[in-house]
Enquirer: 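Dropping a structure here in structure tokens format, bear with me for questions.
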Protein chains: 2
Amino acid sequence: MMKIGELAALAKVSRDTLRFYEKHGLITPGLRSEAGYRLYSETDVRRIGFIIGAKEVGFTLNEIHQLLELEVTKDEKSCHDIKHFVDAKITIVNQRLAEIKRIKKSLQTLSDACCGGDEPATHCTILEALSEQTN
Amino acid sequence: MMKIGELAALAKVSRDTLRFYEKHGLITPGLRSEAGYRLYSETDVRRIGFIIGAKEVGFTLNEIHQLLELEVTKDEKSCHDIKHFVDAKITIVNQRLAEIKRIKKSLQTLSDACCGGDEPATHCTILEALSEQTN
DNA sequence: TATAACCCTAGAGTGCAGTCTAAGGTCAAT
DNA sequence: ATTGACCTTAGACTGCACTCTAGGGTTATA
């Protein structure tokens with residue numbers, strides 16, 4: 001069990017951010033010490049790791065909230081809804097994957113065109129690098 | 001050459017967004033019609049396509065601005081700086097790529113655990129799905 | 001020729017995601 | 001016992017990326 005400052009340092013976010021996430025339901029208010037200090041578990045650490053990762057790839061806190069609330073159980077009723085929601089998210093994720101691969105390739109083209117040795121550096125911009133990608 | 005409304009419809013953004021991007025230097029103010037209407041070229045279309053794609057995968061407008069300004073020329077002096085900047089960006093892009101793959105896998109695990117047929121739907125959350133990923 | 005559907009500007013307003021401030025309580029070390 | 005580093009709350013403030021409003025001009029169609 002760690003205090004907010006420790007978790008903040010570990011996750012490289014501010015204490016305020018962690019309280020903000022709690023206030024907005026991304027991390028459930030858990031244990032408190034005698035003095036009222038928040039105490040975080042290993043699960044909380046993984047949870048905020050997920051939040052940060054998801055944020056980095058362009059999910060909003062709202063979307064992350066929905067992702068974290070997803071839970072497959074034996075409840076037949078909700079199972080269909082979950083499947084639907086998850087598959088919709090997978091589609092979005094696949095689009096992002098494709099987009100980021102495009103960007104990576106164009107950055108790579110740019111990097112390769114640059115100082116590659118003695119051959120003359122060709123004139124090249126991101127947009128030109130992007131256009132060259134025929135796939 | 002198309003007017004702002006056409007480009008907005010094509011790129012699925014608002015006219016205001018396009019004017020906003022211009023004001024912030026993401027698209028250079030180009031040709032104007034006799035009446036002062038903005039006129040956009042094919043290059044502008046590709047440009048805003050790039051902006052939108054980059055935004056979707058989590059780049060800020062500021063970062064996108066920097067990416068768009070990158071240009072490899074024969075100027076030896078700036079070449080080193082460009083290489084450095086681009087390679088730093090590639091590192092970030094690679095991290096995002098890894099992160100989005102992680103998220104995709106966990107969503108897939110979640111989807112697979114759900115309504116897979118007659119086998120009992122195992123209890124599964126995003127965090128558990130993430131933990132299962134040993135790679 | 002007038003009506004709708006477009007375009008312009010400057011500037012105000014909005015929602016998201018924090019970030020900071022004030023005023024105070026707790027804990028470990030000198 | 002007091003100093004400093006930590007923790008608490010509520011609420012104000014900030015920066016980003018739009019989004020809207022007001023007040024006006026233009027262009028195509030009935």
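Every chain is numbered from 1 and lettered A, B, ... according to where its sequence line falls, protein lines coming before strand lines.
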Enquirer: How about His123(A): does its NE2 atom have over 12 heavy atoms from other parts shown lying under 6.0 Å from it?
Expert: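 Yes, NE2 of His123(A) has more than 12 neighbouring heavy atoms, counting only those of other groups under 6.0 Å.
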
Enquirer: Using a 3.5 Å distance criterion without hydrogens, assess whether the side chain of Lys3(B) forms a donor-acceptor pair with backbone atoms of Arg38(B).
Expert: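 Checking the backbone N and O of Arg38(B) against the side chain of Lys3(B), no donor-acceptor pair under 3.5 Å is found.
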
Enquirer: Would you say the side chains of Thr91(B) and Asn94(B) form a donor-acceptor pair under 3.5 Å?
Expert: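 Thr91(B) vs Asn94(B): no donor-acceptor pair found between side chains.
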
Enquirer: Any salt bridge linking Arg19(B) with Asp16(B)? Criterion: basic side-chain nitrogen under 4.0 Å from a carboxylate oxygen.
Expert: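 A salt bridge is present here (some side-chain N lies under 4.0 Å from a carboxylate O).
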
Enquirer: Looking only at side-chain atoms of Ala35(A), point me to the closest of dC27(C), dC7(C), dT19(C).
Expert: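 Side chain of Ala35(A) sits closest to dC27(C).
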
Enquirer: Are Arg96(B) and Phe59(B) in a cation-pi contact, defined as NZ or CZ under 6.0 Å from the six-membered ring centre and within 45° of the axis?
Expert: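 Yes, a cation-pi geometry holds between Arg96(B) and Phe59(B).
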
Enquirer: How many whole angstroms separate atom CG of Leu39(A) from atom C1' of dC6(D)?
Expert: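 Interatomic distance, CG of Leu39(A) to C1' of dC6(D): 13 Å.
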
Enquirer: Below 3.5 Å between N/O atoms, which protein atoms pair up with nucleotides 10-17 of chain D? Just atom names and distances, please.
Expert:
from    : atom 1 : to       : atom 2 : distance (Å)
dA17(D) : OP1    : Leu61(B) : N      : 2.9

Enquirer: With a cut-off of less than 4.0 Å, is there a side-chain N or O of Arg38(A) near OP1 or OP2 of dT9(D)?
Expert: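 Checking dT9(D) against Arg38(A), a side-chain N or O does come within under 4.0 Å of OP1 or OP2.
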
Enquirer: Are Glu99(B) and Arg102(B) close enough for a salt bridge, meaning some N to O gap below 4.0 Å?
Expert: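 Salt bridge between Glu99(B) and Arg102(B), a charged N being under 4.0 Å from a carboxylate O: yes.
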
Enquirer: In whole angstroms, how far is the P atom of dT26(C) from the CD1 atom of Ile4(A)?
Expert: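 Computing the Ile4(A):CD1 to dT26(C):P distance gives 17 Å.
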
Enquirer: Does Arg15(B) put a side-chain nitrogen or oxygen below 4.0 Å from OP1 or OP2 of dC6(C)?
Expert: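 The answer is no; no side-chain N or O of Arg15(B) sits under 4.0 Å from OP1 or OP2.
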
Enquirer: Can you tell which of dT8(D), dT9(C), dG25(D) lies closest to the side chain of Tyr37(B)?
Expert: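 From the listed options, dG25(D) comes nearest.
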
Enquirer: At under 4.0 Å, does any side-chain N or O of Arg32(A) touch on OP1 or OP2 of dT9(D)?
Expert: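 Arg32(A) to dT9(D) OP1/OP2: side-chain N or O found under 4.0 Å.
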
